[in-house]
Amino acid sequence: MTQIYTATAKRNPGRKGYVITFRHPLKMEGNKPGKKVFKGLGTEDEAVAKHLEARMNALLVRKDLHSVGSRADALRDGFEPAIVEIFYGDLDPSATSHRALRDRLLALPAMGPGHAVRTLILGNSGVGKTTLLRRLIGSDAARDRFPATSTNRTTTCEIEIVTGRADYAAAVTFLSRHQVQQEVIESLSNAVLKAIESAPDEIVMKDLLDDTDQRFRLKYVLGGWTPPSSKAAPTSSFAGAPKKGATSVGVENSSFLQEVLAAIRAIAADARNEVEPILGILNDLMDEDRNYALDEMQREGEGSEKFQDTVNAIIEGIEERFTRLYAGKFTKSSTGWPEAWTWAAKGSERDAFLKAVRWFCANNREEWGALLTPLVTGIRVAGPFRPEWVSEGESYEHVFVDTQGLDHEKPTTELSSEITSIFGQVQNILFVESGKDSLKSQSARKVMEAIAGAGYTASLTVALTHMDLVVGDDIPSDQDRKDKAFSGLRSLVTNEVSQNVSREAARQMAVQLQSSTFYLGYLDAKKYPDGWDEDDRAGFEESLGQDLRQLTEHLVIRANPQLLQPSIPQYSFESLGLAVREASVAFREVWEARLGYKRVEGISSAPWQSIKAMSRRYAEGWFDGYWLRPIDTLISQTRNVLSRFLEVPLHWLPEHKKMTDEERAAIIDRLKRLVNDELTAMSKTRLWKQPQTRWQGAYEPSGTGSTFVRKQRVHELFVTQVPVPQSISDRLAQAWVDEIKQVVERALTVLRVEANKTSTDA
């Protein structure tokens with residue numbers, strides 16, 4: 001007999017909003033259905049909460065509606081949108097398109113000749129890409145402070161800025177309640193684990209408030225945690241010595257955070273008390289036994305009522321921060337959670353407009369506890385932005401898209417598909433790198449490989465910053481500085497792109513960069529030399545303005561490429577299986593190294609906690625840019641081998657048509673782009689949607705040896721979903737090869753249609 005579950009709406013002591021808890025019949029807990037979930041109801045009214053409780057119980061009885069595809073049926077049968085959202089909302093793991101929501105609220109200008117030029121800005125954290133963006137839109141560092149900058153990771157979402165408008169407008173999108181809840185659960189769980197290990201308060205609270213990838217920083221929303229201190233901190237090599245007898249002034253931590261810390265300590269103590277009598281005293285355990293015990297204690301903590309109540313309290317505290325905004329309008333979900341914020345202002349109201357927008361992207365210490373920065377998925381602003389070096393009345397219509405800093409904290413082996421998905425939505429890709437680093441960073445390699453493999457070389461422009469720091473006895477002149485910085489770029493293309501994509505792709509990129517590399521120094525006015533007087537500053541500002549004008553004019557020219565010739569490359573699909581085999585082997589090598597099955601230079605073995613965290617995300621359909629990204633690995637490796645395959649057609653049709661090498665390369669790049677557009681959806685289906693129940697099986701193991709079992713199940717999943725084609729008959733491998741073949745054939749079909757249209761128009 002199938003179990004019938006019941007729901008309960010409740011409000012925890014001291015809290016305002018009601019939550020509903022129930023065991024979900026479509027979610028697994030271990031090897032059986034009925035995982036306990038808890039969701040905010042978005043109401044403080046008891047009568048409304050009890051009504052929704054009754055309606056959820058009615059839905060729990062309706063077994064005919066217990067499937068992912070029954071959402072529309074439930075709405076048609078009269079179930080409230082809030083109840084439908086709570087029950088079905090996170091069953092379909094497809095992420096909400098926050099970009100599409102911004103498009104509905106504040107559309108971007110059309111892309112094409114005669115319209116604003118779209119430029120994607122990429123770069124590492126700290127290389128000056130957001131400082132460059134400030135220069136390009138005429139944002140004053142002292143007055144506007146927009147977008148926010150820092151030596152730490154600052155840009156944690158897409159920031160889209162539209163210039164050339166008469167008035168200001170903004171559209172800001174947020175993580176869903178489910179996404180925020182998952183982030184809070186993970187942060188709280190990490191903090192509980194530290195408390196289980198008896199870490200001091202500041203370490204416990206750091207894991208809660210300042211996550212390791214520095215994206216979901218709860219300290220911005222809830223406030224920071226300051227450890228007690230009675231004496232001056234020791235001096236450092238970069239700060240002056242403290243005055244004699246000085247003491248540091250402690251900052252009182254909020255009562256809310258003190259309550260959360262007390263709850264974390266209680267959850268940790270209860271978890272140890274439950275597990276230690278079975279597995280032994282934690283401090284006496286070693287190696288795998290200790291890891292197993294910690295895993296069980298963390299699970300015990302996560303499953304407790306105190307843990308759920310603490311999550312609800314934090315979510316309520318986060319939701320309260322939205323009510324503090326004095327301007328704008330919120331678009332909300334059926335449960336009352338803010339999905340987006342919009343505001344419009346006159347062109348004369350710049351200060352008020354930017355002040356309102358800063359709450360979504362600021363990082364100032366004095367504003368911690370009130371900011372919404374970690375909750376934001378994207379910020380789109382439009383207005384009369386223009387730098388001083390653009391004359392009044394002169395056209396300056398651009399769309400600049402700033403992104404999260406690359407290669408932060410954890411080393412990855414590929415560029416995120418979230419980033420590469422933007423390639424086709426812009427006309428320029430502006431890669432910003434520090435000239436003093438000579439492009440030695442891993443992210444520089446990843447960017448160049450992705451651009452070359454996906455066919456976007458013609459869209460690439462490089463801006464080398466920090467040229468003022470490129471110094472040495474062997475660099476006597478400005479031209480020597482440029483040559484020194486460019487040598488690192490040339491080396492990267494010659495060695496990395498040539499080896500990992502193809503020699504032809506590297507050749508094209510080298511030619512492109514000869515005319516598409518710009519050199520910039522002193523972008524941050526605060527770092528001007530102390531010896532400069534006002535005339536020195538004014539002279540440099542004029543010179544820098546000329547350089548930036550040349551850069552933007554270059555972007556405008558690059559946004560309008562020549563039309564492709566009507567010609568189609570022809571391929572031998574008998575050899576495609578070899579390309580697919582190469583991609584599969586490369587994918588397996590990366591992930592066997594990540595899982596610890598083999599050693600590969602440059603690829604570290606992931607800790608068991610990271611494998612568990614990755615499995616959880618794939619099991620629950622929750623993606624937040626975590627550093628372990630097998631989908632992106634598959635996209636990257638497949639893209640690179642297909643790039644090489646597409647570069648060598650058997651012949652061209654029509655055969656009598658004469659074309660230059662550059663014209664052929666442009667057509668091949670267009671074909672690469674069409675193929676790349678399909679790789680993301682294909683890879684997500686193969687490594688996530690099809691095997692999601694297997695991911696659930698990989699995440700769920702507990703008990704002695706669970707970390708080994710989880711690793712083994714993940715490895716088996718990869719072996720099945722990314723088979724290596726062999727000479728013998730293999731149904732799974734043949735299906736994988738056929739899938740890739742269909743992607744290429746569809747791209748060729750689109751290319752033929754475009755070629756026929758071009759020929760007809762001519």
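Only a predicted model underlies this, so the values are computations on that prediction, with no experimental measurement involved. No hydrogens, no waters, no symmetry mates; every other heavy atom, side chains included, goes into these values.
- When each of V462, L415, T457 is checked for a side-chain contact (heavy atoms from CB on, under 4.5 Å) with M448, only V462 meets the rule.
- T552 meets the side-chain contact (heavy atoms from CB on, under 4.5 Å) test with L136, W389, Y396, H398; sequence neighbours excluded.
- Not a single salt bridge (Lys or Arg N to Asp or Glu O under 4.0 Å) links E339 to another residue, sequence neighbours left out.
- A distance-only check finds a donor-acceptor pair linking the side chain of Q179 to the backbone of S176 [under 3.5 Å].
- Heavy-atom minimum distance, L406 versus N124: O-OD1, 3.1 Å.
- In this structure a side-chain-to-backbone donor-acceptor pair under 3.5 Å is present from R644 to N500.
- In this structure, the side-chain hydrogen bond (donor to acceptor under 3.5 Å, both in side chains) partners of E678, at least two apart in sequence or on a different chain, are R746.
- In this structure Q550 satisfies the side-chain hydrogen bond (donor to acceptor under 3.5 Å, both in side chains) test with no other residue, sequence neighbours excluded.
- Counting only N and O atoms by type, the side chains of D402 and T130 include a donor and acceptor under 3.5 Å apart.
- Residues meeting the salt bridge (Lys or Arg N to Asp or Glu O under 4.0 Å) test with R102, sequence neighbours left out: E158, E160.
- With sequence neighbours excluded, the residues satisfying side-chain contact (heavy atoms from CB on, under 4.5 Å) with T693 are Q696.
- For E662, there are no salt bridge (Lys or Arg N to Asp or Glu O under 4.0 Å) partners two or more places apart in sequence or in a different chain.
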Check the pair Q734 / D738 against side chain to side chain donor-acceptor pair (under 3.5 Å), numbers first and verdict last. CA-CA 6 Å; Q734 187 59 50; D738 289 343; 2.9 Å; yes
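- Among residues two or more places apart in sequence or in another chain, the salt bridge (Lys or Arg N to Asp or Glu O under 4.0 Å) test is passed with R135 by E541.
- Of all heavy-atom pairs between V390 and R549, the closest is CA-NH2, 3.8 Å.
- Checking side-chain atoms of N428 against main-chain N and O of L430 turns up no donor-acceptor pair under 3.5 Å.
- The salt bridge (charged side-chain N to carboxylate O under 4.0 Å, His left out) pairs that include a residue from residues 631-640 are R629-D632, where partners are two or more places apart or lie in different chains.
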CA sep, side-chain torsions, deciding dist, call: R386, E394, salt bridge (Lys or Arg N to Asp or Glu O under 4.0 Å): CA-CA 10 Å; R386 66 171 53 239; E394 181 181 349; 5.7 Å; no
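- Minimum interatomic distance between V714 and A698 (heavy atoms only, all atoms of both residues): CG2-CB, 3.9 Å.
- When all heavy atoms are compared, the tightest approach of S572 to S575 is O-OG, 2.9 Å.
- Without hydrogens or angle criteria, Y571 side chain to L646 main chain gives a donor-acceptor distance under 3.5 Å.
- The salt bridge (charged side-chain N to carboxylate O under 4.0 Å, His left out) contacts involving residues 501-515 comprise E504-R507, where partners must be two or more places apart or lie in separate chains.
- Taking the six-membered ring for Trp, F718 and W591 have ring centres closer than 6.0 Å.
- Applying side-chain contact (heavy atoms from CB on, under 4.5 Å) to E433 and the options L122, L489, V127, T465 leaves one that passes, V127.
- Between the side chain of R118 and the main chain of Q427, no donor-acceptor pair closer than 3.5 Å is present.
- Proximity of a side-chain donor or acceptor of S584 to a complementary backbone N or O of P723 within less than 3.5 Å is detected.
- Closest approach of L687 to P630, counting heavy atoms only: CD1-O, 3.5 Å.
- For R670, the side-chain hydrogen bond (donor to acceptor under 3.5 Å, both in side chains) partners at least two apart in sequence or on another chain are E754.
- For R673 and Y456, the positive end sits near the middle of the six-membered ring, less than 6.0 Å away and at most 45° from its axis.
- Shown here are the side-chain hydrogen bond (donor to acceptor under 3.5 Å, both in side chains) partners of T163, two or more places apart in sequence or in another chain: there are none.
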Kindly indicate, with the supporting measurements, whether the criterion salt bridge (Lys or Arg N to Asp or Glu O under 4.0 Å) is fulfilled by E85 and R71. CA-CA 9 Å; E85 176 63 29; R71 180 173 188 148; 2.6 Å; yes
